[in-house]
Amino acid sequence: MTDPAVRTTDRGVPFLRTPDERFAGLPDFPWEPQYVTVDGFRMAYLDEGPTDDPRSTFLLLHGEPTWSYLYRRMIPTLIEAGHRIIAPDLIGFGRSDKPTERSTYTYAGHVAWVVEFLDRIDVAGPFDAFVQDWGGLIGLRLAAEHPDRFGRLVIANTALPVGEPLGDGFDWWLEFSQTADPFDVGTLIGTGGTAGELSEAEMDAYRAPFPDESYQAGARQFPTLVPITPEHGGVAENRTAREVLATWTAPTLTVWGTADPVLGHLAGDFLDLIPGTAGQPHRTFEASHFIQDDVGDQLAAHIVDWLASLD
């Protein structure tokens, strides 16, 4: 019998839509979403800050298994400094629709979805961008493949792998993501992905997109898509992206949580790769993987000061 909650796109792709009431009363997150249709799915995003001559338009890309709630500590400071922020929820996450079949999620597909998202929103670029986790795997590909649409970059706790392992921390995460039962996103972020303490209400906000396991196909699939073997999709595309980034001269800042057990050891990768990092005020923090949650206020203040120094 077909689950009446499951919808389908015009192409017959099944998906679920998290009920709006799951997102009621989120702590420290007063912003209302906007929506566009991307490949037949409803994609949610925040558009906050000045729309008339902002100091910059900042694209905030989240990763796995978070959503734009991750940026709640950074958004106010960026807005107050005159920056417009665009913070989408990736397909499968947050308030965006969630395809129910894991095969719907691919690395190339996620890149294409975000490109279509940028095409459909009524926001002129170029974009500055903050990328972390899968936000980096997607966002750095976007910058390399569409350099005319991007300006300055802020890179945090991410990677752009080309078919080689990322280390024991990622191996643990990959195994955990496929075997955990239940896959409790709130506890994962609150006790493993952050160095501080999240309240139960904050952990519930991270759980909100996923009423049950049927909504978690994307969250389960994402870790398996990271191209850590030569056979993974995205290896060739990431090699090309790294070649482009090796010529990237736009100012690029790295901010890194060194207590991250998964990617904390990769802080120097982009410093070595991207010429635009030269001479920039890079910072490391005693933060874990989700650095935006641990030190978001400090991050945003540092970014605002950095951008002001470039103007």
Side-chain angles (χ1 to χ4, degrees), residues 34 36-39 41 43-47 54 56-64 66-68 70-71 74 78 83-94 96 105-162 218 222 225-227 232-255 263 266 269-270 273-277 292 303 307:
Q34 299 187 44
V36 291
T37 299
V38 170
D39 194 25
F41 304 111
M43 191 165 178
Y45 68 103
L46 302 181
D47 181 354
S56 74
T57 301
F58 230 99
L59 181 67
L60 308 178
L61 291 176
H62 72 83
E64 145 80 2
T66 61
W67 59 291
S68 55
L70 179 66
Y71 285 99
M74 296 178 62
L78 292 171
H83 300 280
R84 184 178 185 178
I85 68 97
I86 304 295
D89 294 341
L90 299 177
I91 298 296
F93 298 86
S96 293
Y105 299 90
T106 66
Y107 191 170
H110 269 289
V111 172
W113 284 332
V114 179
V115 170
E116 184 176 351
F117 165 76
L118 295 178
D119 288 341
R120 289 191 177 277
I121 61 174
D122 185 21
V123 181
F127 297 92
D128 293 335
F130 185 106
V131 301
Q132 183 264 340
D133 190 84
W134 261 99
L137 274 83
I138 295 168
L140 294 174
R141 279 272 297 277
L142 291 174
E145 294 173 9
H146 305 274
D148 56 314
R149 304 184 76 162
F150 288 86
R152 299 163 295 193
L153 303 176
V154 184
I155 304 174
N157 292 67
T158 189
L160 198 61
V162 289
F222 241 159
L225 301 178
V226 179
H232 269 86
V235 170
E237 293 85 351
N238 279 9
R239 287 190 188 278
T240 300
R242 291 182 74 93
E243 291 172 1
V244 173
L245 292 171
T247 67
W248 188 273
T249 57
T252 300
L253 182 71
T254 66
V255 287
L263 299 178
L266 296 179
D269 181 30
F270 295 105
L273 176 65
I274 301 176
T277 61
Q292 304 97 312
I303 292 167
L307 292 173

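Residue indices begin at 1 and follow the sequence shown. We use all heavy atoms of the structure for the numbers below, so side chains are in, but hydrogens, waters and symmetry mates are not. It should be emphasised that the depicted structure is a prediction, and the values quoted were computed from it without experimental measurement.
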Taking the side chain as every heavy atom from C-beta outward, state whether [X] and [Y] have any atom pair closer than 4.5 Å.
X: M43; Y: S96; result: yes
X: L137; Y: P161; result: yes
X: L60; Y: Q292; result: no
X: L46; Y: I85; result: yes
X: V114; Y: H110; result: no
X: Q34; Y: I121; result: no
X: T66; Y: D133; result: no
X: L160; Y: L245; result: yes

Could you give the distance from [atom1] ([X]) to [atom2] ([Y]), rounded to the nearest 0.5 Å?
X: L61; Y: I86; atom1: CG; atom2: CD1; answer: 11.0 Å
X: I303; Y: F130; atom1: CD1; atom2: CZ; answer: 5.0 Å
X: L90; Y: I138; atom1: CG; atom2: CD1; answer: 4.5 Å
X: F150; Y: W248; atom1: CZ; atom2: CH2; answer: 7.5 Å
X: F58; Y: D128; atom1: CZ; atom2: CG; answer: 5.0 Å
X: F117; Y: F41; atom1: CZ; atom2: CZ; answer: 16.0 Å

message: Between E145 and V111, does the side-chain contact (heavy atoms from CB on, under 4.5 Å) criterion hold? Intermediate values first, please.
response: CA-CA 10 Å; E145 294 173 9; V111 172; 3.9 Å; yes

Nearest non-hydrogen partners of [X] and [Y], listed with the distance:
X: T158; Y: G136; result: OG1-CA, 3.3 Å
X: H62; Y: L70; result: CB-CD2, 4.4 Å
X: D119; Y: R149; result: OD1-NH1, 2.8 Å
X: P54; Y: T57; result: CG-OG1, 3.9 Å
X: V162; Y: R242; result: CG1-CD, 3.7 Å
X: R152; Y: S56; result: NH2-CB, 3.6 Å

field: From CA spacing to verdict: side-chain contact (heavy atoms from CB on, under 4.5 Å), R141, Y107
entry: CA-CA 10 Å; R141 279 272 297 277; Y107 191 170; 3.4 Å; yes

- prompt: Taking it one step at a time, do R84 and D47 satisfy side-chain contact (heavy atoms from CB on, under 4.5 Å)?
  reply: CA-CA 7 Å; R84 184 178 185 178; D47 181 354; 2.7 Å; yes

- request: Determine whether more than 12 heavy atoms belonging to other residues, nucleotides or ligands lie under 6.0 Å from atom CG of D148.
  value: yes

- line: Residues passing the side chain to side chain donor-acceptor pair (under 3.5 Å) test with S68, sequence neighbours excluded, are D89

query: What's the verdict on side-chain contact (heavy atoms from CB on, under 4.5 Å) for L59 and L118, showing C-alpha distance, side-chain angles and the deciding distance?
result: CA-CA 10 Å; L59 181 67; L118 295 178; 4.2 Å; yes

query: Short question: side chain of E116, backbone of D39 - any donor-acceptor pair under 3.5 Å?
result: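 Confirmed, E116 side chain pairs with D39 backbone.
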
- prompt: Under the 3.5 angstrom rule, does the side chain of T252 hit a backbone N or O of A250 as a donor-acceptor pair?
  reply: yes

statement: Residues at least two apart in sequence or cross-chain that pass side-chain contact (heavy atoms from CB on, under 4.5 Å) with V244, listed by chain then number, are A144

task: Taking ring-ring contact (aromatic ring centres under 6.0 Å, His included) as the test, write out the residues that go with F127, two or more places apart.
output: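 F127 satisfies ring-ring contact (aromatic ring centres under 6.0 Å, His included) with no other residue.
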
Lys NZ or Arg CZ of R120 over Y45 ring: under 6.0 Å, within 45°: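 Because its charged atom misses either the 6.0 Å distance or the 45° angle limit, R120 does not stack over Y45.
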
